[in-house]
Colleague: 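Attaching a single structure in structure tokens format; questions to follow.
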Amino acid sequence: MQMRAKAVESAAPAGYDLPDATGHFGPYGGVFVAETLQAALAELREAYDACRRDPAFQAELADELAHYVGRPSPIYHARRLSQQIGGAQIYLKREDLNHTGAHKVNNTMGQALVARRMGKPRVIAETGAGQHGVATATVAARYGMECVVYMGTEDVKRQAQNVYRMKLLGATVVPVSSGSRTLKDALNEAMRDWVTNVANTFYIIGTVAGPHPYPMMVRDFNAVVGRECLEQMPALAGRQPDVILACVGGGSNAMGIFHPYITTPGVQLVGVEAGGLGLETGKHAATLSAGSPGVLHGNRTYLMQDADGQILETHSISAGLDYPGVGPEHAWLKDSGRASYVSVTDEEALAAFHTLCRTEGIIPALESSHAVAHAMKLARTLPRERILLVNLSGRGDKDMHTVAQASGITF
Amino acid sequence: MSRIAEAFARLRAERRAALVPFVTAGDPSPGHTVAMLRALVAGGADVIELGVPFSDPMADGPTIQRSSERALRAGMGLAGVLDAVSAFRREDSRTPVVLMGYANPIERMGAAAFASRAAQAGVDGVLVVDYPPEESGDWASVLAAAGIDPIFLLSPTSSEARIELVSRLASGYIYYVSLKGVTGAAHIDAADVERMLGRIRARTDVPVGVGFGIRDPQTARAIARFADAVVIGSRIVEEIERADPAQAADRAGALLAQFRAGIDAAAGDRAAA
């Protein structure tokens, strides 16, 4: 099938135009930041708005996505997996085949081009699993920008290989030892850097959270995934899928595949959160399933919090889902009923990881394994002619250490 | 007249800037908080900014973040902060107390419930770092209805439109963040600050306090020549961090007295000018 990579262009599907002009998705989203960041965000909103409407920007992004990232990514019908389950057909959107091995580069490429238009020579990022850090370091190298990545010391330990990858790409990795020493603390630290160095620095946020315009901008850059699916599915399967599944930490890969389908009737959207050791244990990161609304990191959304409004530490085997908030658009999709959110435990995600390796020769990221696990559960309950489309958001090479450790193997 | 307005009226008559220390409630422990407030008054505080600890203090530097972590570890929360203010009010009905913190603990309690409990406790003003005027909705009016002054921030990068917006909503005082960056960052340029205060005062009669980067009595003196209030935060919190918990309040008070001397000297500079 011939298809050209498409950039942001008309981001909104007909009949759905959130966020509003001030960045709200119903009661969620917004710009909950200190005065010191207001001017920087206003400058970014203006710059991004100009990029969005500029055909030259769109053409440059489309060209980079096609020739550098390797888009469009294929959709693969996982026949052996489907057969083994004996229920609905499972299709995989292969974001793991992108350059750098995950969907994250769709967004970092877009933001790097915005940064260039704004004349900012330095980019910073926060990272959990390291995938967003690697994707940021990659585009920074591609454009000769200085790059600083903030990463919790806990994550530096469990993702040592990605730390080295970022260094190879010329980035400086700054370990963050405050708070819970994970993604949320890296985000706090990156915000502090930005507020201090805003004149020459562009903050590349890696998920659909943060203050407006980030949730919208990161979604727009990832929505290329869903737009491709809209074209690919009829050619491949004769129709659109019945259910689309994606893992949700902050929620960028899910928002990317969901957004173009929001107004497509008959397509269920299911977000799969990290159930960790089980929701009943409290050791999980299933924010939408078990959290409550509040304000963190510049937006109003669902949060994992205690009775005093303090943010809780989360747990997931997958560092990329280990975040106590979630993108505000997901909060809105949940409340409005357009999408539903479920959770999958560490154990279930690991089992799905191994199954996909053995049945299809595809090693998925532990994050994506959560979506695969729920798709397998759901497929069992459905007839063979039903179609499930899973966003296989990343590849699992980075997780060798974690998976081996979970299996009692040391290298 | 609110306690904050009374304090600034009194200071205007004395031609002196207000000395406003910031400490985090519950640092080093909840049991020390009332003694800390008392010591700050003894050290010359005119208004006290009392930090409500939060797990993710994004706009603060490492010093105040650590103080927040100490307070949380010691069991302090928003309800405990209000209890501490109540206890302080039983012995001091004159010194205004302004709570400063982040939105989420207040969201969790509920804005209306918070406002009424804070008013009952004797809180005079509230500054929520991540409630900018656009997102505050009726926040300012909820506070005003409870007799509490909503305090807002302005910064070196604030546009004229934002200065106007804040001027319309603010009462008590406006907190001018004198640096691009987080709390506890480098020294400030007094001339830059004075220029910006001119822009703010062109739009409002609400007093303007200056904070971020005032780390020694000399800088406090320089700022106090033109500002209505001088906020000392990270430097005092550092002193508390270094001190044995039993002596933290006394050391904070003693340090504050040095800043007070700088501010009193500025009053002399103003009179001479």
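The structure displayed is predicted, hence computed values, not measured ones. Letters go in sequence order (proteins before strands), and every chain restarts at 1.
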Colleague: Rounded to the nearest 0.5 Å, how far apart are CG of L296(A) and OG of S55(B)?
Modeller: 7.0 Å

Colleague: Which residue out of A42(A), P211(A), G179(A) racks up the most heavy-atom pairs below 4.5 Å with chain B?
Modeller: G179(A)

Colleague: Quick one: of A103(B), P132(B), G77(B), who has the most non-hydrogen atom pairs under 4.5 Å with chain A?
Modeller: P132(B)

Colleague: Kindly check if the number of other-residue, nucleotide or ligand heavy atoms within 6.0 Å of CZ (R45(A)) is above 12?
Modeller: yes

Colleague: Could you state the interatomic distance from CZ (R108(B)) to OG (S292(A)), rounded to the nearest 0.5 Å?
Modeller: 4.0 Å

Colleague: Apply side-chain contact (heavy atoms from CB on, under 4.5 Å) to residues Q38(A) and S155(B) and explain how you reach the verdict.
Modeller: CA-CA 9 Å; Q38(A) 294 290 346; S155(B) 84; over 6 Å; no

Colleague: For the residue pair A79(B) and D308(A), what are the closest heavy atoms and their distance?
Modeller: N-OD1, 4.3 Å

Colleague: Rounded to the nearest 0.5 Å, what separation is found between the OH atom of Y102(B) and the CD atom of Q310(A)?
Modeller: 12.0 Å

Colleague: Answer yes or no: does atom CG of N200(A) have more than 12 heavy-atom neighbours from other residues, nucleotides or ligands under 6.0 Å?
Modeller: yes

Colleague: Where on D306(A) is there a heavy atom nearer than 4.5 Å to chain B: the side chain, the backbone, both, or neither?
Modeller: backbone

Colleague: Check E135(B) against V31(A) and note the closest heavy-atom contact, atom names and distance.
Modeller: OE2-N, 2.6 Å

Colleague: Rounded at 0.5 Å granularity, tell me how far CH2 in W194(A) sits from CE in M58(B).
Modeller: 10.0 Å

Colleague: State whether the number of non-hydrogen atoms from other residues, nucleotides or ligands found under 6.0 Å of E134(B) atom CD is greater than 12.
Modeller: yes

Colleague: Which heavy-atom pair separates D60(B) from R192(A) by the least distance, and what is that distance?
Modeller: O-NE, 2.5 Å

Colleague: Relative to chain A, which segment of R66(B) carries a heavy atom at a distance below 4.5 Å: side chain, backbone, both, or neither?
Modeller: neither

Colleague: In terms of heavy-atom proximity below 4.5 Å to chain A, should S159(B) be classed as side chain, backbone, both, or neither?
Modeller: neither

Colleague: Nearest heavy-atom pair of G309(A) and F54(B): which atoms, and what distance?
Modeller: O-CE1, 3.4 Å

Colleague: Of all heavy-atom pairs between N104(B) and L303(A), which one has the smallest distance, and what is that distance?
Modeller: OD1-CD1, 3.6 Å

Colleague: Between M109(B), Q65(B), E69(B), who has the most heavy-atom pairs with chain A when the cutoff is under 4.5 Å?
Modeller: Q65(B)

Colleague: Please flag which part of I106(B) lies under 4.5 Å from any non-hydrogen atom of chain A: side chain, backbone, both or neither.
Modeller: neither

Colleague: Got a salt bridge between R300(A) and E107(B), using NZ or NE/NH1/NH2 to carboxylate O under 4.0 Å?
Modeller: yes

Colleague: Taking atom CD of E46(A) as the centre, does the number of heavy atoms from other residues, nucleotides or ligands within less than 6.0 Å exceed 12?
Modeller: no

Colleague: Tell me, out of S68(B), S158(B), G80(B), who's got the most heavy-atom pairs with chain A below 4.5 Å.
Modeller: S158(B)

Colleague: If every non-hydrogen atom of H297(A) is compared with every non-hydrogen atom of D56(B), which pair is closest and at what distance?
Modeller: NE2-OD2, 4.3 Å

Colleague: Could you tell me which portion of P53(B) (side chain, backbone, both or neither) has an atom closer than 4.5 angstrom to a non-hydrogen atom of chain A?
Modeller: backbone

